[in-house]
There are 2 protein chains.
Amino acid sequence: MAISPLAMKRFRDHLATQGLKLTSQRKAIAEVFFAGDKHLSLLEILDQSKAIQRGIGYATVYRTMRLLTEGGLATEHKFGENQARYEPAIDGEHHDHLICLDCGIIVEFEDDEVEKQQEKHAAANGFSVVSHKHEVYVKCVPGRCRRPGGARS
Amino acid sequence: MAISPLAMKRFRDHLATQGLKLTSQRKAIAEVFFAGDKHLSLLEILDQSKAIQRGIGYATVYRTMRLLTEGGLATEHKFGENQARYEPAIDGEHHDHLICLDCGIIVEFEDDEVEKQQEKHAAANGFSVVSHKHEVYVKCVPGRCRRPGGARS
DNA sequence: GTATATGCAAAATATTTGCACGAAC
DNA sequence: GTTCGTGCAAATATTTTGCATATAC
């Protein structure tokens, strides 16, 4: 599971710009977070980070994820749960989600048409778009359910 | 602020069907909820309900809203807050939201094109759409900000 | 009269913060 | 050396549930 060097660079840059420090904890958290497994909760990030750097605390993960979120490097979601999940935010790119209520799978998709419509409605109401969340809750077509190995991806 | 008789009827029917009882508390909560002011939080519903029926408790509002949500009469949202807000669900109808980060206004819109695209992506991945949440976070175009009277609408 | 509902208060979840110690720059 | 970061534990915020009593049917 190779971590995106690009994302890591953006992280380093962001820290440097803000006069913040790159600690071993932040490095571990970033490695986990940018490594590819998506939509992790704070606890999941904590667990995986501890495997890299022992002794990391929940609060540090919490604060690091807030840092990433505010810096535009992460996006926070609440997929119908009462728990936040995070995914790497890749620059100007954004995608929407299909969330299967049967098997828990989360599939991402992008759609320019939807983007366009959003802009249109925003403009019509005197707004400009900052960001959006678009979550489509679905169920498996019978016989086509692909339950994941275990964890949600 | 006239309460929708249609919504009320659906509520009564739903209760009857499930063998549930129409209590004075549920009536008060439904009156508040279906009266038109949208996107209320549990506490807001509680407060307004208490004006109609004194002595209502938070747990009752909580359970009633869960009842409505599970029955398809209400939709739960978390507009970036860590607090749930509810809005009446009008049958097959669903709409999306523009949420202004500047002034807090929430504007609703409907878009068949977006619906269509959702269906398309779901089908392409072997799913069928159950429901969706589409929230577009926006900011006011300079000079066109219309800050609300106070409460969010 | 019986089954369901309510209110209270407690428990369970999640998030957020204060503070003394430690680490990065 | 100074500033920022961390971990722990406590404080908040929200949601959820247990249980004895009250109410709709």
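Each chain gets a letter, A, B and so on, in the order the sequences are listed, and its residues count up from 1.
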Rounded to whole Å, please give me the gap between [atom1] in [X] and [atom2] in [N].
{"X": "M65(A)", "N": "dT6(D)", "atom1": "CE", "atom2": "C1'", "result": "17 Å"}
{"X": "E81(A)", "N": "dT14(D)", "atom1": "CD", "atom2": "C1'", "result": "16 Å"}
{"X": "K78(B)", "N": "dT15(C)", "atom1": "NZ", "atom2": "C1'", "result": "11 Å"}
{"X": "K50(A)", "N": "dT6(D)", "atom1": "NZ", "atom2": "P", "result": "15 Å"}
{"X": "L43(B)", "N": "dA13(D)", "atom1": "CG", "atom2": "P", "result": "11 Å"}
{"X": "E76(A)", "N": "dA14(C)", "atom1": "CD", "atom2": "C1'", "result": "11 Å"}
{"X": "Q53(B)", "N": "dA5(C)", "atom1": "CD", "atom2": "P", "result": "16 Å"}
{"X": "L67(B)", "N": "dT4(C)", "atom1": "CG", "atom2": "C1'", "result": "12 Å"}

Return no unless some side-chain N or O of [X] is found under 4.0 Å from OP1 or OP2 of [N].
{"X": "R63(A)", "N": "dC8(D)", "value": "no"}
{"X": "Y58(A)", "N": "dT15(C)", "value": "yes"}
{"X": "R26(A)", "N": "dT6(D)", "value": "yes"}
{"X": "N82(A)", "N": "dT15(D)", "value": "no"}
{"X": "Y62(A)", "N": "dT15(C)", "value": "no"}

- prompt: Any salt bridge between D112(B) and K116(B), counting N to O under 4.0 Å?
  reply: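 A salt bridge is absent here (no side-chain N lies under 4.0 Å from a carboxylate O).
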Looking at F127(A), is its backbone amide N or carbonyl O close enough to the side chain of N125(A) to form a donor-acceptor pair, meaning the two atoms are under 3.5 Å apart?
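No; zero donor-acceptor contacts below 3.5 Å.
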key: Rounded distance [0.5 Å steps], CG in L46(A) versus OH in Y62(A)   =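 OH of Y62(A) is found 14.5 Å from CG of L46(A).
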Separation between NE2 of H132(B) and CG of D96(B), rounded to the nearest 0.5 Å:
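Answer rounded to 0.5 Å: 3.5 Å.
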Would you mind telling me which of E87(A), H39(A), K133(A), R85(A) makes a side-chain hydrogen bond (donor to acceptor under 3.5 Å, both in side chains) with H77(A)?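 When side-chain hydrogen bond (donor to acceptor under 3.5 Å, both in side chains) is applied between H77(A) and each of E87(A), H39(A), K133(A), R85(A), only E87(A) qualifies.
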Which heavy atom in I56(B) sits nearest to a heavy atom in K50(B), and how many Å separate them?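 The pair with the smallest heavy-atom distance is O-CD, 3.7 Å.
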Closest heavy-atom contact between K78(A) and Y137(A)?
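Taking K78(A) first and Y137(A) second, the nearest heavy atoms are O-OH, 4.3 Å.
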Expected rows: protein N/O vs nucleotides 23-25 of chain D N/O, under 3.5 Å:
unit_1	atom_1	unit_2	atom_2	d
dA24(D)	N3	K21(B)	NZ	3.1
dC25(D)	OP1	L22(B)	N	3.4

